[in-house]
Undergrad: 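Handing you this structure, nothing more for now.
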Amino acid sequence: MRIAVVGATGPTGRLVLERLLAHGHDVVAYVRRPDALSPAERLTIKGGELSNRAAFAAAIDGCDAIISTLGSRSWSERAFMATHLPYVTDAMFDAGVPRLVLMSALGAGPLPPRTRGVARIIFTIMSRFIFADRTRSEAELSRRGINWCGVYPGFLNDKPAASKIDVLPIAELTNARNGSVSRANVADVLVELAEDLQSNGKRLAVGPAGALS
């Protein structure tokens with residue numbers, strides 16, 4: 001497959017690149033700073049701004065999917081995804097890329113329908129306030145008819161991949177306990193969804209073993 005990555009110079013995006021290449025895919029990294037990535041076989045590095053719609057679309061033309069690990073590193077930036085995610089979807093439309101795999105955050109998006117009590121209150125606060133920008137942006141994806149799937153990790157850490165993690169559809173989630181999950185594990189799930197041609201609509205919560213139920 002030919003898969004594009006945005007957010008490729010970030011800590012999770014770099015791991016996604018490594019895994020895609022290890023799986024034998026052709027990869028396009030569209031980045032602001034091409035010199036931040038090392039050349040590799042089957043890796044095409046394209047420099048440009050997300051807001052440059054023509055350049056972005058040209059870079060991802062012919063790709064089977066795009067993986068986004070975009071995210072703000074500042075809690076004070078309340079409209080990062082609302083600003084940047086439309087750049088991704090506009091370029092997708094122009095280039096004819098059919099699928100988007102999005103790294104989100106546990107607590108963003110619609111409320112897990114099976115949560116009750118304290119868990120539902122916590123998810124409500126996270127969805128409507130802490131991750132309101134992501135929640136609104138993901139609702140817009142669905143409104144526009146984008147073929148997308150999402151990965152919803154808890155807190156991220158930079159440890160090596162754990163041998164066992166919890167991966168649970170958001171629709172089946174009843175509770176989530178404290179804990180952090182390795183970026184390496186999250187990268188694995190993102191790549192698996194990109195490789196799965198039937199992943200449209202899947203929303204997967206990801207956490208350390210024993211954290212999700």
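Hydrogens, waters and symmetry mates play no part in the numbers below; they use all other heavy atoms, side chains included.
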Undergrad: For Glu18, what residues pass the side chain to side chain contact (heavy atoms under 4.5 Å, CB included) criterion, not counting sequence neighbours?
TA: Leu15
Undergrad: Has Asp133 got a side-chain atom pairing as donor or acceptor with Phe80's backbone, closer than 3.5 angstrom?
TA: yes
Undergrad: What pairs of residues pass the side chain to side chain donor-acceptor pair (under 3.5 Å) test when at least one of them lies in residues 101-110, not counting sequence neighbours?
TA: Ser104-Glu138
Undergrad: I'd like to know if Leu212 and Ile170 are part of one continuous hydrophobic network [Ile/Leu/Val/Met/Phe/Trp/Tyr, side-chain heavy atoms within less than 4.5 Å].
TA: yes
Undergrad: Taking only residues two or more places apart in sequence, or in another chain, which ones meet Leu204 in a side chain to side chain contact (heavy atoms under 4.5 Å, CB included)?
TA: Val167, Pro169, Val189, Leu193
Undergrad: Cut-off 3.5 Å, no hydrogens considered: what does the side-chain donor-acceptor table look like for residues 38-52, sequence neighbours left out?
TA:
unit_1	atom_1	unit_2	atom_2	d
Arg42	NE	His25	O	3.3
Arg42	NH2	Leu21	O	2.3
Asn52	OD1	Ala55	N	3.1

Undergrad: Hey, quick one: are Leu102 and Leu156 part of the same hydrophobic cluster, counting side-chain heavy atoms closer than 4.5 Å, chains of contacts allowed?
TA: no
Undergrad: Please name all residues satisfying side chain to side chain contact (heavy atoms under 4.5 Å, CB included) with Ala162, sequence neighbours left out, ordered by chain then number.
TA: Ile165, Asn185
Undergrad: One thing to verify: whether Asp64 and Arg99 come together as a salt bridge, which I'm taking to mean a side-chain N less than 4.0 angstrom from a carboxylate O.
TA: no
Undergrad: Return the set of residues passing salt bridge (Lys or Arg N to Asp or Glu O under 4.0 Å) with Asp61 (not counting sequence neighbours), or none when no residue passes.
TA: none
Undergrad: Tell me yes or no: between the side chains of Thr174 and Arg114, is some donor less than 3.5 Å from an acceptor?
TA: no
Undergrad: Please find the pair of heavy atoms, one from Tyr152 and one from Ala108, that lie closest to each other, and give the distance.
TA: CE2-O, 3.6 Å
